[in-house]
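For reference, the structure discussed in these notes is given below.
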Amino acid sequence: EPEVTQTPSHQVTQMGQEVILRCVPISNHLYFYWYRQILGQKVEFLVSFYNNEISEKSEIFDDQFSVERPDGSNFTLKIRSTKLEDSAMYFCASSPVNTEAFFGQGTRLTVV
Amino acid sequence: QKEVEQDPGPLSVPEGAIVSLNCTYSNSAFQYFMWYRQYSRKGPELLMYTYSSGNKEDGRFTAQVDKSSKYISLFIRDSQPSDSATYLCAMSGENDKIIFGKGTRLHILP
């Protein structure tokens, strides 16, 4: 069964460093998303991406964040200068028609 | 008022019981309703997806949507210990982001 894959599963980084989280969405899906879940809290929307551009972003998705689809399969989230409060699980998701979304297993980001 | 309200639980029920999980919402533009299951430190797994009001059944799971009351439910029949997880309701409008509830922690007691 097709699935969304994310790498790495766990990333530890020092405050102020840049991190890139990688995702391979399900083939033939057209809509891509990043969500975040701080430990013990709800899953929060960060950004949606369609047709090679951002279609919507939340207030969390400030200038420190960027997304790219560098080739036909990968979808990345970059955090330019990490802060302690960026520590969370980051989930990539994809959808065929911008309705139900299929999530990856997440990258646990720990900022120290 | 929060956009999506969901009781965080925990909810503990004996094995074999029927489980009822619920969410309320405030945004009348929501049209697509989903239930996800999430195990600890894992990604949300899509269980059920419904469009507009009505019922949908898939095996032991039934999803209900009542748009007039802005209320959705997930029923699990013949609950098993492996059903123990956090259940997230989620919803979206047309061409819109998915908004999640906080999730209900469910424990099925053997």
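Labels below follow one simple rule: chain letters A, B, ... track the order of the sequence lines, proteins then strands, and each chain is numbered from 1.
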Could you check whether [X] pairs with [Y] (Lys NZ or Arg NE/NH1/NH2 to Asp/Glu carboxylate O, under 4.0 Å)?
X: A:Glu53; Y: A:Arg69; value: no
X: B:Arg60; Y: B:Asp83; value: yes
X: A:Glu44; Y: A:Arg36; value: yes

Does [X] reach the side chain of [Y], with side-chain heavy atoms less than 4.5 Å apart?
X: B:Val65; Y: B:Lys67; value: yes
X: A:Val24; Y: A:Asn74; value: yes
X: A:Met15; Y: A:Val112; value: no
X: A:Thr107; Y: A:Val19; value: no

Which atoms of [X] come close to chain B, meaning under 4.5 Å heavy atom to heavy atom: side chain ones, backbone ones, both, or neither?
X: A:Glu100; result: both
X: A:Gln37; result: side chain
X: A:Tyr35; result: side chain

Honestly, the part of B:Gln6 sitting under 4.5 Å from a heavy atom of chain A is neither
Note: vs chain B, highest number of non-hydrogen pairs under 4.5 angstrom among A:Gly104, A:Ala101, A:Ser9 is A:Ala101
Side-chain (A:Lys42) to main-chain (B:Phe100) donor-acceptor, under 3.5 angstrom
yes
Among residues 42-53 of chain B, residues within the sub-4.5 Å heavy-atom range of chain A, in order of number, are B:Lys42, B:Gly43, B:Pro44, B:Leu46, B:Tyr49
